[in-house]
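Take a look at the structure set out below.
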Amino acid sequence: MVRFIEENTKPEKIETGDKSKTDATLTVKTKVLQDLIINNGGGLINSWVDSMRACSPTHLKSSMKQSSWLTEHPSALDMFDEILNVSEGKKIVMFLDYDGTLSPIVDDPDRAFMSKEMRRTVRKLAKCFPTAIVSGRCREKVYNFVKLTELYYAGSHGMDIKGPEQGSKYKDDKSLLCQPATEFLPMIDEVYQKLVDKTNFTPGANIENNKFCVSVHFRRVDEKNWSDLANQVRSVMKDYPELRLTQGRKVLEIRPIIKWDKGKALEFLLESLGYANCTDVFPLYIGDDRTDEDAFKILRERRQGIGILVSKIPKETNALYSLQEPDEVMNFLQRLVEWKQLRSGA
């Protein structure tokens, strides 16, 4: 029996009234990008390109000092014992982004392979804790990268969720499926094809159909062509007010305007696991992208669990702790597995 959740998929306004400075900053940036899409001014396109440049790893120059930022968001490896103390007596549930978290960021998104050692680590992790991968990628693509049947997979920024196929002791008797934006599928396919045609002569542009969203990768696009790419995307997006545009690491994400994101996916999975109103659950979310902030924010609001940002440079974030790269993520996960195995053995 398939479990299916319907969400309100009518276009809604993007809210900008977040309480914290960090939330407000992130939300305003998202709204600015949306405004740039529906306006035709050249000045706005220039501002959009400035935003693309500012959010690109090669251009990031934070005003925050590394030392002070690490004081506020210390290494999860350095604070490992403290994290265990806070989680004492609680059920740990793991949430992991994919690109930049389990695999390194690469120029070709189709070659974002995780290492064999990382795969072994994640498999062991799933034997110790309920484990989900939450990604902007199409769910099927993420599964093909990971190829572990015992995990929960949430693709398209959480708009396509499926439970473990086999091998998980945390799997419910019912098959799990959540796709709150199915009515947008024809529109997404249409936008994808139009963007492929529009960007066909822009060297390096890569348009990826992630089923419930479209990703415009500009990592391999020469910076002098970013304005052209921006105009190409805008010329398509202006005819689709039901879609919104957000930004990640050298990628533009086009997705439905519905109240659903990685934070909502986290809440849905906790509910599906029977932890909706539990005080003894400890969600632990690790991610590197701006879209992961939705999940970090949920954890802060719930005052339950922790978020860990994967970044080598200071960033505004709702995460409590940090790790610098996928190798550190693997180290952290391995320590979690070893700790759990020792406790189980005892």
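This structure is a prediction, so every number in the text was calculated from the model and none was measured.
A donor-acceptor distance shorter than 3.5 angstrom exists from the side chain of D292 to the backbone of D288, with no hydrogens or angles considered. Here the side chain of R220 pairs no donor or acceptor atom with the backbone of A205 at under 3.5 angstrom. Side-chain atoms of S322 do not come within 3.5 Å of backbone N or O of V310 as any donor-acceptor pair. Counting only distance, with no hydrogens or angles, the side chain of E328 and the backbone of Q324 share a donor-acceptor pair below 3.5 Å. With hydrogens and angles ignored, the 3.5 Å screen pairs no side-chain donor or acceptor of E325 with any backbone N or O of S311. Although no hydrogens or angles enter the test, the distance criterion places a donor-acceptor pair under 3.5 Å between the side chain of W260 and the main chain of G158. With W69 contributing its side chain and K315 its backbone, the two residues share a donor-acceptor pair below 3.5 Å. At distances below 3.5 Å, at least one donor-acceptor pair connects side-chain atoms of Q304 with backbone N or O atoms of C278.
Between the side chains of Y240 and K194, a donor-acceptor pair is found at a separation under 3.5 Å. Under the 3.5 Å distance criterion, with hydrogens and angles disregarded, no donor-acceptor pair is assigned to the side chains of R290 and T246.
With contacts defined as side-chain heavy-atom distances shorter than 4.5 Å, the pair D261/H157 does not qualify. When side chains are defined from C-beta on, F296 does not count as touching I308, because their heavy atoms never get closer than 4.5 Å. For the pair L176 and L269, the minimum side-chain heavy-atom distance is below 4.5 Å. Looking only at side-chain heavy atoms (C-beta outward), Y153 and V146 come within less than 4.5 Å of each other. Side-chain contact between F282 and K91: absent, with no pair of heavy atoms (C-beta onward) separated by less than 4.5 Å. Side-chain contact check for T101 versus P326: every heavy-atom pair is 4.5 Å or farther apart. Using a 4.5 Å cut-off on side-chain heavy atoms (C-beta onward), K162 and Y152 make no contact. At least one side-chain heavy atom of V122 sits less than 4.5 Å from a side-chain heavy atom of L148.
Exactly one residue among I188, L195, D189 makes a side chain to side chain contact (heavy atoms under 4.5 Å, CB included) with V191. That residue is L195. With L323 as the partner, the side chain to side chain contact (heavy atoms under 4.5 Å, CB included) test is satisfied by one option alone out of N331, V329, L309: V329.
Residue K264 places its NZ atom among 12 or fewer non-hydrogen atoms of other residues, nucleotides or ligands, all under 6.0 Å distant. The 12-atom threshold is exceeded at CG of D239, counting heavy atoms of other residues, nucleotides or ligands nearer than 6.0 Å. Other residues, nucleotides and ligands contribute more than 12 heavy atoms inside 6.0 Å of the NZ atom of K141.
Annotation for I313 and Q66: closest pair CA-OE1, 4.2 Å, computed over non-hydrogen atoms. Minimum heavy-atom separation, V221 to G204: CG2-C, 3.5 Å. Nearest heavy atoms, H217 versus V251: ND1-CG2, 3.7 Å. Between G248 and D289, the closest heavy-atom pair is CA-OD1, 3.5 Å. The shortest heavy-atom contact between P241 and I257 is O-CD1, 3.4 Å. Between E165 and Y143 the shortest heavy-atom distance is OE1-OH, 4.0 Å.
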Checking N210 against S156 for the side-chain hydrogen bond (donor to acceptor under 3.5 Å, both in side chains) test, could you report, in this order, the C-alpha distance in whole Å, the side-chain angles of both residues, the deciding distance, and whether it holds?
CA-CA 6 Å; N210 284 313; S156 303; over 6 Å; no
Using side-chain contact (heavy atoms from CB on, under 4.5 Å), reason through Q334 and E117 one step at a time and then give a plain yes or no.
CA-CA 10 Å; Q334 287 172 341; E117 189 176 3; 3.3 Å; yes
Worked verdict on D294 versus N318 for side-chain contact (heavy atoms from CB on, under 4.5 Å):
CA-CA 9 Å; D294 294 317; N318 283 298; over 6 Å; no
Would L284 and F332 count as a side-chain contact (heavy atoms from CB on, under 4.5 Å) here? Give the steps.
CA-CA 12 Å; L284 206 162; F332 180 83; 4.1 Å; yes
Yes or no on side-chain contact (heavy atoms from CB on, under 4.5 Å) for K198 and S235, after CA distance, side-chain angles and deciding distance?
CA-CA 9 Å; K198 282 281 186 181; S235 68; 3.5 Å; yes
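Using a 4.0 Å cut-off between charged nitrogen and carboxylate oxygen, E253 and R244 do not count as a salt-bridge pair. Between E150 and K127 there is no salt bridge, since none of the side-chain N atoms of the basic residue sits less than 4.0 Å from a carboxylate O of the acidic one. A salt bridge is absent between K90 and D280; no separation between the charged side-chain nitrogens and carboxylate oxygens falls under 4.0 Å.
Note on V216: it does not cluster hydrophobically with I105, by side-chain heavy-atom contacts below 4.5 Å among ILVMFWY residues. When the side chains of ILVMFWY residues are joined at heavy-atom separations under 4.5 Å, either directly or via intervening members, V106 and L102 end up in two distinct hydrophobic clusters.
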Would you be so kind as to tabulate the donor-acceptor pairs closer than 3.5 Å made by side chains of residues 92-100, with sequence neighbours excluded?
| residue | atom | partner | partner atom | Å |
| --- | --- | --- | --- | --- |
| D97 | OD1 | K262 | NZ | 3.4 |
| Y98 | OH | A112 | O | 2.7 |
| Y98 | OH | M114 | N | 3.2 |
| D99 | OD1 | R137 | NH2 | 2.9 |
| D99 | OD2 | R137 | NE | 3.0 |

Indicate every side-chain donor-acceptor pair of residues 73-89 with a distance under 3.5 Å to a residue at least two apart or in another chain.
| residue | atom | partner | partner atom | Å |
| --- | --- | --- | --- | --- |
| H73 | ND1 | A319 | O | 2.9 |
| S75 | OG | L77 | N | 3.1 |
| S75 | OG | D78 | N | 3.4 |
| E82 | OE2 | Y321 | OH | 2.6 |
| N85 | ND2 | D81 | O | 3.3 |
| S87 | OG | I83 | O | 3.3 |
| S87 | OG | L84 | O | 3.0 |

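Using cut-offs of 30° and 60° on the angle between ring planes, the pair F145 and F113 is perpendicular.
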